Number of protein chains: 2
Amino acid sequence: MRDITIDCTVFGFDNGSLEVLLVEHADGITKGEWALPGGWITEKEHIDDAAKRLLYNITGLDNIYLEQLKAFGAPDRYPLARVITVGYYALIKRADYNITAGFNASDAKWHRIDNIPKLAFDHNDILNFSIKQLRKNVRQAPIGFSLLPKKFTLLELMHLYEEILGYEMDKPNFRRKFLKMGLLKPLPEKQENVSHRAAQLYEFDMKIYEKLTDKGFSFEF
Amino acid sequence: MRDITIDCTVFGFDNGSLEVLLVEHADGITKGEWALPGGWITEKEHIDDAAKRLLYNITGLDNIYLEQLKAFGAPDRYPLARVITVGYYALIKRADYNITAGFNASDAKWHRIDNIPKLAFDHNDILNFSIKQLRKNVRQAPIGFSLLPKKFTLLELMHLYEEILGYEMDKPNFRRKFLKMGLLKPLPEKQENVSHRAAQLYEFDMKIYEKLTDKGFSFEF
DNA sequence: TCAAAAGTGTTATGATTACACCCATGA
DNA sequence: TCATGGGTGTAATCATAACACTTTTGA
């Protein structure tokens, strides 16, 4: 597959800010430029598996939220040959990444979503499309949790939504709306080491979600 | 581009029923099987332009609603070689198609969405994905009009929504909800030759829609 | 006791739903 | 005059938004 690649926008959420993982090209015609992590597809693998392999190589992580965006196919998007790329986006838990950081990590850096440099090829287009998709999907499916630690508070969840969607929300209303959906499982634990009233910790329960969707429930935020 | 193709689901709405245009393969290993219209991408064209070219060849139509779905890339989806296909879906006005019917039309037939034969390759997957996308998008963007004649009544529009989404709606509520959005321009004409009270004809006004979206309006049904 | 965030309550407004009903027209 | 769809009215219910308020905790 000499004329098809994959490129992946890896989103992470840390300290209230939404960031993407970019790599700096070490050589070739784009030497010194930042780009989305990407790679070639091998002859026998599913394109989704190629994206998973790439993600594993760069983050050391498995079992990541991963979704295809679309194919990007302007005839001149890659200057050396006609190459079509299939774009993906992934959502990872930053805490996990920090521990297992992949072997390419020396070239990889997190960049705030509102401070993205000029990228190689058409990667700015792909990244912008990713952000649009993420904004859309986070309101239509329970995917935000993939960016949070396993256990989180309602306010952390709200801050994530605020950061992705770009506007402030009302705390009481957010709580009620989310709790009413019934997707969150309250844990028998509370926050620790905080200098204020400890908040209830919750966990997203995929099984509850699947049961509800079977019954016709559809996530909407 | 020997290893990339495009395949397109062409939707049409006629007589209250949602249909797709399928072609019967005349030879090759899929001889006699039905399939989505598709073709190869030439070296210098944008994949979107390849899809437009294909659509023009098969329907004789230009200026069609066309949107990419995603790339389909299972390693064995095409038995003779590793070929990845980029899926598209198009919405056409059946009345226009009937007039200018493309030169391949002898092999092409409309099939009701609920009565699709076994298709070649992974085309059933692509078609099912198309239907899912159409159902989703018709509620989030004003694309339904692309399947109706330029001038239509509110009830025709409602029947289109009912057919695509698969459930019955309440006429008074549908009217009000749609009219309140203010996207429809009432025409100085009414239905003719109907054996009941003639209904007001409307037209979808793209300019109004764009003005509204600039102001933060977002279509939702 | 104060700051900071957790968490509850209340009210106004608007959207959605369900359904009854009248209108216009050709057969 | 009847069937068929066109079109209006209304009341109950539910979701959303705005914001005032109380609670808990560590420093």
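All values below come from the heavy atoms of this structure, side chains included, with hydrogens, waters and symmetry mates left out. The chains referred to below are lettered A, B, ... by the order of the sequence lines, with proteins before strands, and numbering in each begins at 1. Keep in mind it's a predicted model, so treat the numbers as computed, not measured.
Checking dA6(C), dA18(C), dC19(D) against the side-chain heavy atoms of N173(B) singles out dA18(C) as nearest. Proximity note for H196(B) (side chain, C-beta onward) versus dA18(D), dT4(D), dG9(D): the nearest is dT4(D).
Checked against Y161(A) for a ring-ring contact (aromatic ring centres under 6.0 Å, His included), the options F152(A), F145(A), F221(A) give a single hit: F221(A).
Whole-Å rounding puts the F178(B) CZ to dG7(D) P distance at 15 Å. In this entry the distance linking CG of N193(A) with P of dG26(D) reads 9 Å, nearest Å. One atom, CD of E192(A), and another, C1' of dA6(C), lie 16 Å apart when rounded to the nearest Å. Here dT16(D) presents its C1' atom at 13 Å from CD of E220(A), a figure rounded to the nearest Å. Counting to the nearest Å, the P atom of dG5(D) and the CG atom of L157(B) are 17 Å from each other. Between the CZ atom of F174(B) and the C1' atom of dA15(C) there is a distance of 16 Å, rounded to whole Å. Between the CE atom of M169(B) and the C1' atom of dG6(D) there is a distance of 19 Å, rounded to whole Å. Between F152(A) atom CZ and dA5(C) atom P there is a gap of 19 Å when expressed in whole angstrom units.
Inspection of the H159(A) and E162(A) side chains reveals an N or O donor paired with an N or O acceptor under 3.5 Å.
In this structure, F178(B) has its ring center no closer than 6.0 Å to that of F204(B).
Residue R197(B) has no polar side-chain atom (N or O) positioned under 4.0 Å from OP1 or OP2 of dC23(C). For the pair R175(A) and dT8(C), the criterion of a side-chain N or O lying under 4.0 Å from OP1 or OP2 is met.
Counting non-hydrogen atoms under 4.0 angstrom, Q191(A) reaches nothing in the nucleic acid. Across all strands shown, K177(A) has heavy atoms under 4.0 Å from sugar-phosphate atoms exclusively, and none from any base. Using a 4.0 Å heavy-atom distance criterion, L155(B) is classed as a sugar-phosphate-only contact.
Below the 3.5 angstrom threshold, one finds no donor paired with an acceptor across the side chain of R176(B) and the base of dG7(D). Between the side chain of K171(B) and the base of dG6(D), at least one donor-acceptor pair of N or O atoms lies under 3.5 Å. Donor-acceptor pairing under 3.5 Å, judged by distance alone, is absent between the side chain of D170(A) and the base of dA17(D).
Under the 4.5 Å side-chain criterion, counting only non-hydrogen atoms from C-beta, L66(B) is in contact with C8(B).
When all heavy atoms of P37(A) and I58(A) are compared, the pair lying nearest together is CB-CD1, 3.6 Å.
Between K180(B) and P172(B), the one whose closest nucleotide on DNA chain C sits nearer the 5' end is K180(B).
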